[in-house]
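On a predicted model such as this, the values are computed, not experimentally measured, just so you know.
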Amino acid sequence: MNIMQNTNSKNQIHVGVLGFGGLGQAAARVLAPKQEMLWVAAADQKGYAYNTQGLNPDQCMTMYNTQGSLGHLESGGVLSNQSIEELIKVADTVDGYFLALPNLPNTFMANVAKQFIAAGWQGVLVDAIKRTSAVEQLLALQDELQAAGITYMTGCGATPGLLTAAATIAAQSYAEIHSVTITFGVGIANWEAYRATIREDIGHLPGYDVEKAKAMTDAEVAALLEETNGLLKLENMEHADDIMLELAGICDRDRVTVGGIVDTRNPKKPLSTNVQVTGRTFEGKISTHTFTLGDETSMAANVCGPAFGYLKAGVDLYRRGIYGLFTAAEVMPKFVR
């Protein structure tokens, strides 16, 4: 089915959001004022909501946070234990989905992609995936995605995503790239608003992995954060910026380093998020470009904004009949008005 014919006369892009935790709710708020995109579909673990006229972010957040699922919405809500699978089938006006899902376990995002392929769905998918190994699983699905008529944009959050794209542009000044160093600072007032994201971060700590972090109870997470005064210090992370920059021909993945600090008790960033690209110019000079994000921009703003910019770029590719897997280092995002 060609779902692109279902957009309205203004060529508005109909968007779905899978996952309605902290990131999914932020995505809904980011979409609310957009004229070029209309948020019409969302799914959580226990249900989904679909309304071709658009979903109300405030109503959805209230329902999710009080009742535990969007499925309780009077208009368009359906309770289901197979929410993603069912939503794919019924939401026939959705042009593209933002997968605001925790990649726990590490095979989860690839499995979601397989669900879309199996359903015969066509359109655009965007994720803000973190781990290199998770992107490698999607690369293995590249031919299947292309054959299915799906344009999949991977690694399109902040890092990987915004900072990876900035590194790709910064690299153009050089004849050879010596290193790409991404350092992030994240501040959130309450870790419970981003439970899945924090668990993914804990999976990067020494002595932890994705499975161990996923199995932790909220009380165990709280106890760990109590030991660290709410700070997670992450070094040499397995972050897909490396494979994305390698695929783009910028540098070998072992020249890319990602790390940072997450403060789970304070909305103020513990340090400024930046990417440093060091290389040699054609004249033989060694230099470093630094791109720094404004401290006032939140994690949600730096993840959701790029994700929808890449979704818009993906829709353009899809409408030109270009399917398959693309990364944030390959395609420029388009600003969503």
Side-chain angles (χ1 to χ4, degrees), residues 17 19-30 44-45 61 64-66 68 99-106 108-109 127-131 134 155 157-163 181-241 257-275 292-307:
V17 175
F20 208 62
L23 200 57
Q25 293 186 29
R29 301 210 315 274
V30 167
D44 57 51
Q45 284 184 314
M61 283 187 273
Y64 181 85
N65 292 324
T66 59
L99 311 182
L101 298 162
N103 194 47
L104 299 169
N106 201 41
F108 187 61
M109 210 66 78
D127 72 40
I129 211 165
K130 293 180 183 178
R131 287 183 175 266
T159 171
L162 175 59
L163 293 169
T181 304
I182 293 172
T183 307
F184 60 81
V186 173
I188 53 177
N190 176 9
W191 81 269
E192 291 176 329
Y194 288 93
R195 284 185 174 93
T197 300
I198 296 303
R199 279 188 172 82
E200 278 197 77
D201 288 336
I202 288 171
H204 288 280
L205 291 172
Y208 291 83
D209 57 26
V210 174
E211 294 305 319
K212 187 173 180 179
K214 182 177 185 288
M216 291 174 74
T217 65
D218 284 359
E220 287 171 332
V221 172
L224 172 64
L225 295 175
E226 189 64 35
E227 288 176 26
T228 64
N229 291 319
L231 296 177
L232 297 176
K233 296 181 181 179
L234 306 162
E235 298 178 347
N236 296 316
M237 299 172 75
E238 183 206 326
H239 241 242
D241 305 83
T257 307
V258 181
I261 298 176
V262 180
D263 188 342
T264 62
R265 297 177 177 175
N266 188 342
K268 187 180 180 198
K269 291 183 182 180
L271 52 88
S272 295
T273 298
N274 67 87
V275 56
T292 304
L293 303 186
D295 286 346
E296 298 76 17
T297 58
S298 65
M299 174 186 71
N302 292 324
V303 171
C304 297

Sequence-distant partners of Leu163, side-chain contact (heavy atoms from CB on, under 4.5 Å), two or more places apart:
Thr159, Ile182, Thr273, Val275, Phe291, Leu293

Go through the structure and list residues passing salt bridge (Lys or Arg N to Asp or Glu O under 4.0 Å) with Asp201, not counting sequence neighbours.
Lys130

So, do Ile188 and Thr197 sit near enough that their side-chain heavy atoms are less than 4.5 Å apart?
no

Could you measure the distance from the CZ atom of Phe184 to the CG atom of Asn274? Nearest 0.5 Å is fine.
11.5 Å

For Glu238, does the CD atom sit with more than 12 other heavy atoms under 6.0 Å from it, leaving out its own atoms?
yes

Not counting sequence neighbours, list each pair that qualifies as a salt bridge (charged side-chain N to carboxylate O under 4.0 Å, His left out) and has a residue in residues 215-226.
Arg195-Asp218, Arg199-Asp218, Glu226-Arg265

Going by the rule salt bridge (Lys or Arg N to Asp or Glu O under 4.0 Å), which residues pair with Glu200 if we only count those two or more places apart in sequence or in a different chain?
none

Can you name the closest pair of heavy atoms from Cys304 and Val30 and give their distance?
CB-CG2, 3.8 Å

Restricting to side-chain hydrogen bond (donor to acceptor under 3.5 Å, both in side chains), what partner residues turn up for Ser272, sequence neighbours left out?
Asp295

When you measure from the side chain of Lys212 to the backbone N and O of Gly207, does any donor-acceptor pair fall under 3.5 Å?
yes

Which pair of heavy atoms, one from Pro270 and one from Val186, lies closest together, and at what distance?
CD-O, 3.4 Å

Asn266 meets the side-chain hydrogen bond (donor to acceptor under 3.5 Å, both in side chains) criterion, sequence neighbours left out, with none

Report the residues that fulfil side-chain contact (heavy atoms from CB on, under 4.5 Å) with Thr257, sequence neighbours left out, ordered by chain and then residue number.
Asn236

Less than 4.5 Å apart, any side-chain heavy atom of Lys269 and any of Met299?
no

Between atom CG of Leu234 and atom CD1 of Ile202, what is the distance when rounded to the nearest 0.5 Å?
9.5 Å

Minimum heavy-atom separation for Leu104 to Lys214, with atom names?
O-CE, 3.5 Å

Pairing residues for Ala307 by the side-chain contact (heavy atoms from CB on, under 4.5 Å) criterion, not counting sequence neighbours:
Phe98, Val126

By side-chain hydrogen bond (donor to acceptor under 3.5 Å, both in side chains), Asn302 pairs with (sequence neighbours left out) Thr297

Spacing of OG1 belonging to Thr183 relative to CD1 belonging to Ile261, to within rounding of 0.5 Å
9.5 Å

Would you compute the distance between atom CD of Gln25 and atom CE of Met61 and round it to the nearest 0.5 angstrom?
6.0 Å

For Pro267, check side-chain contact (heavy atoms from CB on, under 4.5 Å) against everything at least two apart and list the hits.
Ala189

Determine, stepwise, if the pair Leu225 / Leu232 fulfils side-chain contact (heavy atoms from CB on, under 4.5 Å).
CA-CA 8 Å; Leu225 295 175; Leu232 297 176; 3.8 Å; yes

Between Gly259 and Met237 the two heavy atoms that sit nearest each other are CA-SD, 4.1 Å

Spacing of OG1 belonging to Thr181 relative to CG belonging to Asp241, to within rounding of 0.5 Å:
11.0 Å

Taking all atoms of both residues into account, what is the closest heavy-atom pair of Thr264 and Ile198, and its distance?
CG2-CD1, 3.8 Å

With Tyr64, which residues qualify under ring-ring contact (aromatic ring centres under 6.0 Å, His included), at least two apart?
Phe20

Over all heavy atoms of both residues, which pair between Ile129 and Pro160 is shortest? Give the atoms and the distance, please.
O-CD, 3.2 Å

Are any side-chain N or O atoms of Asp44 and backbone N or O atoms of Gly19, one a donor and one an acceptor, separated by less than 3.5 Å?
no

